[in-house]
Each structure stands twice: as structure tokens, then as C-alpha cells.
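Have a look at the structure below before the remarks.
Worth knowing before you read on, the calculation uses all heavy atoms, side chains too, and leaves out hydrogens, waters and symmetry mates. Ligands are counted one by one from 1 in listed order, and the atoms in each one are counted from 1 as well.
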Amino acid sequence: MQDIQSEVRKVQKLDVQKSKGSGVMVMTGVAKKAAKKKGELVEQNQDALEYSSEEESEDLASAMSGLANSNIKQKEKVFKIDHNKINYFPFRKNFYVEVPDIARMTQEEVDEYRQELEGIKVKGKGCPRPIKAWAQCGVSKKEMEILKKLAYEKPTPIQTQTIPAIMSGRDIIGIAKTGSGKTLAFLLPMFRHILDQPALEETDGPIAIIMSPTRELCLQIGKECKRFTKSLNLRVVTVYGGTGISEQIAELKRGAEIIVCTPGRMIDMLAANNGRVTNLRRVTYIVLDEADRMFDMGFEPQVMRIIDNTRPDRQTVMFSATFPRQMEALARRILNKPVEITVGGRSVVCADVEQHVLVMEDEQKFLKLLELLGVYQEQGSVLVFVEKQESADDLLKDLMKAGYDCISLHGGIDQYDRDSAVVDFKNGKIKLMIATSVAARGLDVKHLILVVNYDCPNHHEDYIHRCGRTGRAGNKGFAYTFITPDQQRAAGDIIKAMEQSETPVPVELQTLWDQYKSKLAAEGKTVRSGGGGFSGKGFKFDESEAMAVSEKKKFQKAALGLQDSDEEDIENDLDEQIETLMAAKRIVREVQASTLVSGGGGSVAASIPSKTATDKLELAKRLASRINLAKQSTGPVPAIPETSIGAISARNVAEQLAAKLNTRLNYAPVESEEPMEGSVEEGGENTPSSSDVIQKFEEELEINDFPQPVRWKITSREALAQVSEFSEAGVFVRGTYCAPGKKIADEERKLYLAIESTSEMAVSKARKEIVRILKEEMLRLASSTSYQGSKTGRYKV
Ligand code: AMP
């Protein structure tokens, strides 16, 4: 039976290859030579070629078992794409044609119009003007009909500005309040983008991927998407965790131009069955929705893995309710010259939500809730937020006893029940829901009249998101928050949100906050205005501090490429300074393949799928664990001392080697490794006999003359590991620190970073990330008043 199946596979493989030969374009060629002997990508391709829909039932079973067995190693194996080795087909991003009505507007009229649109703010150069009607943004006739059917008369403010920007091929960061219509803002340009490309072939993965933090949000986006895809003849699949996987696999295998997914499950899908279920080869459009929450929930590594393995010239669109500092770094990494579009200010409760805050003891909450239900339940659906899963279940019981038909939604509930709870709540079958924050994220229920924060949210963003569940799509909503007298600290966050949305702050809440501030003042701490935590001793948020913050923001924007034109000089200055200080030197060497130890994606060793490579990886792992053990036994390594960089080399090299191997780096030049006990024989046994000569790319970046904190940061284990992991190149600290004005010995070199890899792209990526960290650290330094003036540095920021 197996023989027959393998025969069938062979024939099918030939057929597919034949059809590929005559096919239009998928990806013009993984280099033929490479296809024979190298690359995990090739392995994927072959697997993909072997796939046939007739084998679906068999494949499904094996995919499932593959999935169950898939460990990190397997998943990583799938994610090893060297974009340098792929000639991607060209594709179009810019479809936008400005209509004469908009083109005729003067700049003043445009500014005024943006002001009318809830004060739209645009950062970044070359953003198209906002449109006024659907007909002005290039939607098709079919889409117009659907919009009409849905009674979406005109674009919402976020749509007026983001649709032309995305339609013109720009990467964007959209910052908009909940319920603003952002989903459609990325869907409409996406349809245009997809329809411009050739139809999917049998083994092709999606063209667009939409990532979102929760299953509920996935389902919602999927639903909005399906309203259009039917008549556009496109297919969308939602892929999210915590539920049966077989149906999702089967759907993916049938092919879909669009995948809406949570990042974790998407990684599982890509790894399943050696990449036969789906792949990223045709992805040219990526959306990160609710990116801040995705980040909060720790999805960054998965998101980055997916993004790093899609072609670098894709279009990337990021929507977020907030834009905290960590996200700026993420945005910088994944977006190309983005425009930032903010509607209604960052993180503000929508004006359509009437906010109330009541200070009360725990025992009073239930009665107050019943009172509110008495008033509002008749008018629409009600969502009650609690902190913990158990509280949700307890409250559910109490409300049922009180005669209310209700449901609960939290992470502890089986996915099937969660889905049906959401459906029942959305269609109004059940009008009262008790939920935890995470579960209810993104829940969009039009007839939701009241949100009750039964347990007070413990941070500002959470408060805004919870309140944002009501007052959607132009409807009026109410939000009541219960806060107990001991939750003084949370009062600050709510006050901040109320102030931002110009809502009067209740006296009791203000008193609570004032008490908290006095308590801290007695301890010698000062609280920042408008809530949001407190600082350590002696910190004063005065005018000079405000100026420093504004300066810092300017630099941050510059680093992100979001500067206004008059701020452009800052970025250029900083870049120039960094380039001068680094005095970069690039070298290409020809080396024997046998001198390289195996490792990850960009390396040659990784692209030889042989036993030797696997053995080498094992060896590298053992070496890493030995170094780790040695490291643990001698305790943590202090930061590199200013005067003894030369002396750190042996230990530092060992440190970095460990970090490097731990993060599955590409390779280590054999000559630089200290032979460890037992490793000589093992290494000798496993050394590849290949006499292939390959190119090894090296780049040296001098860091000697950077300020001390910047130098320390970039030579820290974390930073080096981060660069290595991100780029998959080896990064080493070499040379000796030489203080300004001192002369360095002839045989020595000033402190520098050496980047090495067999992939030129990995070296470039590492360089880019190093520059980014240097820049970030320089900016930090510039805004750190304590450092300024304390040094007589040669640099200025
Ligand atoms: P979102 O911010 O994408 O979650 O959208 C919030 C709600 O607004 C969704 O229920 C959409 O169906 C609805 N919506 C989106 N665009 C429009 C529009 N132009 N006019 C009216 N409603 C809209």
C-alpha cells in the first residue's frame, strides 16, 4: 500500500513540476544549483511539490501527528529562509490615483479637513491626502455594492486617511480608537493588492496574512473579510489556537489568498508536515492588528519569525490602539519608511462613551450591578469585566440566581464554548456577558449599551479597551467602573483616561488619587501628573524635564524615520555621526566549507541537509552547554570595565560563543574556538570533508569612540544575542579599548565588533540592528540629563 502511495506521489510530483514549468510565475527560481544540494527552503519546496489533494485524508492524519510531534527544533527548521537565494517575482503596491477633487484642495484645506476628521495627525513624508467618499479610493464596483448593502455610507475618519496611504503602497502605523473602522481600512486595499496578482497555484500559500492577538478578533476580522471575498472570488481562512486543528489544516490545503491568524497557531501551521500545509512564499501583504496587545501578550517572537520569513519588499500595515516605546522599536524593524496616522489622539476613550466611576467597598458591588442592569439591560447588551476567571464564574452563578440569563467568557473556557458564547452574545440571544479583559479583547457588539468594570482595570490601556467595547460605530454607550478604596493607585490611570477624553473627574476618585499622592510624598516620592505611576526619590516632572522628554521624542521619531521635514537634520546628523565613529570595513573571504561549524539559516552549513550538519549542530549545542556550565560556576560576568577590555577577551569570547551557540548562530570559525575537553575527537570525526570553497562575509564596526554607556550596551551579552538572533550572523567583540588621546600599541586594534556570516544579507541585517541599537542608546543618552555634562565626550547627540 505504501509503495502504491509513493508511486502515486512520484507521478503527481512530475505532473506538478510539469505544470510549474509552464506556469506563469510563482517565484522565479530558487537557484537551480542550490535547489539540488542546499537549503531548507528547497526541502520545503520538495515537500510542497509532493503534496496532492487526493492525499488529503492521509496527509491530514500525518499533518496532525506531525503537529503533535512538532517541537521547537522542527519549527525552526521550517523557518530558515535566505531571501538572497530567492528571485522573487515583481509585484505592484501602488494603485492609488488621486481624483481631481482632492488634488485641487489647497494645503490649508487639507489641514482643515484633517482637523474636522477628529484631528487626524500624519507623520512621515509623502502621505496622500484624505479622501471624502468611497468612490475616491479606487474600490471596485462589486465592493461599492457591498458597502452600500452594509449601509456604510462614507469612510470613517481612519479610513479616509489610511485607505489612500495603504492603497498607494506605503507601510503604515495606524493609531486609532477602538471601533473606528480600522478593519475595513486594511481590508479594502488588501483586496486590490491581491486581485492584481496572478491566481494561486496548487502549492502556493497566501498572499496576505492578517495577524491578531486573539481568536475572537480573528473571527471578527474573518467575518468582515468574508462579506467581500465571496463576490471577489477570494478565499479566507481563519487560523487560531485552542480549537480543533483538522478543519483549519484542510481549509489551508485547499488554498486561500488570505489567512487571518493568531501568531502562535500560524507558526504551528507553517511547521506542520514539513511545510506542506501552507507557506509564506507568496506573502506580499502583512497586517498586524491590535499590535500593542499582541506585544503585551508576548507574541513578538512569533510575529517576528513570520515577518522575517516573508519577502523583505512586502507591504506591512500595523494597527494599534496605543503606541508604546517598545513598539516603536518593533515598528522600526519591520516597517519601511512608514507613515504614522493617528486619529482622535492615542489611547482615548471614544466621546460616545459616557464614563462613570464609583468608589465603593467590595460588598456593595453586586447590588450596584443589579441596579445598573435594572436601568440598562432593557436598552441593549451588557458586558461586565472582572479580573479573574474564578470571579467570572462566581458572578455568573450569582446573576443567574438573580434571574439573569448570562454567559461567561474567559481563557479557562473550552474554545468551542467560547466561540458559541461570542456568537450568542453578538446576535443578542444572550444579552449579559461576564468576561475577563483578554477574552473580550476586540469584541465588537453593536447593540452593546453598557460596560461595567466590576473589578477595576489595573492599567490605563486596559481601561480604554474595556470602555471601547461600547459606543461603537457611532452608537451611544455607557461605562461604569467600580473602584475600592484600597485601589488608589489605579485611580491615577482612570483619571488620566478621563482627562484625555475631556470627561469631568468625580470628586471621590480625585480624593483617592490625592490620598495616594500624599502617602507617596510622605515617603519622599513624587507622583507624575495625570496618573500613570510614580517615580523614585527626588524626581520632579518640571519644565526642563518636559523639554528633555520632548527632545527625546524628537530623536525617537527621527530614529523611526517619522520625522517632519524640519526634523530631518537630526536624523542625518545622528546617522552621520554613527557612520563616522564606526569606520566600517567590509571584507569578503573565500574559505573552505570544512572550516565552518553548522548552524542556522544564512549559513552554508545549514543549507547542507546532511548528517554532518546535524552532527555539527549537536556538537555546537554540547559546546554551548559546557560553556554555560563553566559560566554558571564562575558567576555572572560584570559589565566590561573601561580600562581592561583587552584582558576580557578570553572570557568574553567564551561568553559570546555560548550566547552565540545558544541562539543557534550560524557558525564559529574553528580557529577561534578554544578546544574543549573531548571536542577535538568529536570535531575531528565530524569535520566535513567537503572541499567546497565558499564566500564568507565580514564587516568590522569600530565602537571604541562611542560613549561608554553606548559601548557597554552594544557589547552586552543581551545585545549581542539579540543581534545574532535577529540577523543569524555571528557577532564578536574584538580589539582593545583605547581611551581618547592615548596611543594604541602597534600590534593591537581599537575595540570593534566583527560581524561574520556566509550570507551577505545576514551581515547587512546584523549591521542594521547594531546601528539601530547604537542609535537608540545615543538617543537615550541624549535625553538622560544625568549623563549630559558629566562627561567631556567627543561626541554630541
Ligand atoms: P473596527 O474598528 O474595524 O472594529 O470597526 C468597528 C465597526 O464599525 C464594525 O462593526 C464595522 O462593521 C463598522 N464600520 C466599519 N466601517 C464603517 C463605515 N464606513 N461606516 C459605518 N460602519 C463602519
Nearest-option assignment for atom 15 (C) of ligand 1, heavy atoms, candidates Gln159, Lys182, Lys154: Gln159
Modelled atom types, side-chain donor and acceptor of Ser212 and Glu290, under 3.5 Å: no
Phe228/Phe191 aromatic ring centres below 6.0 Å: yes
Arg281/Asp204 salt bridge by N-O under 4.0 Å criterion: no
Ligand 1 contact by Phe319, heavy-atom criterion under 4.0 angstrom: no
N-O pairing of Lys368 and Glu371 below 4.0 Å: yes
Interfacing atoms of ligand 1 (cut-off 4.0 Å, heavy-atom, Glu224): 11 (C), 12 (O)
Passing option when Ile207 is tested against Met190, His193, Arg314 for side-chain contact (heavy atoms from CB on, under 4.5 Å): His193
Ring geometry between His356 and Tyr480 (parallel below 30°, tilted from 30 to 60°, perpendicular above 60°): parallel
Contacting atoms of ligand 1, where contact means under 4.0 angstrom from a heavy atom of Gly181: 1 (P), 2 (O), 3 (O), 5 (O), 15 (C)
Atom indices of ligand 1, in the order listed, that fall short of 4.0 Å to a heavy atom of Thr156: 17 (C), 18 (C), 19 (N)
Contact atoms of ligand 1, heavy-atom distance to Trp134 under 4.0 Å: 19 (N)
Proximal atoms of ligand 1 relative to Thr183 (non-hydrogen, under 4.0 Å): 1 (P), 3 (O), 4 (O)
Per-atom contacts, ligand 1 versus Lys446 - under 4.0 Å to a heavy atom: 10 (O), 12 (O)
4.0 Å heavy-atom contact, Glu153 with ligand 1: no
Student check: side-chain heavy atoms of Ile158 and Leu117 closer than 4.5 Å: no
Any N/O pair Ala151/ligand 1 closer than 3.5 Å: no
Numbering as shown, the atoms of ligand 1 that approach Ser180 to under 4.0 Å (heavy-atom distance): 2 (O)
CA sep, side-chain torsions, deciding dist, call: Lys253, Val277, side chain to side chain contact (heavy atoms under 4.5 Å, CB included): CA-CA 6 Å; Lys253 285 186 160 189; Val277 173; 4.0 Å; yes
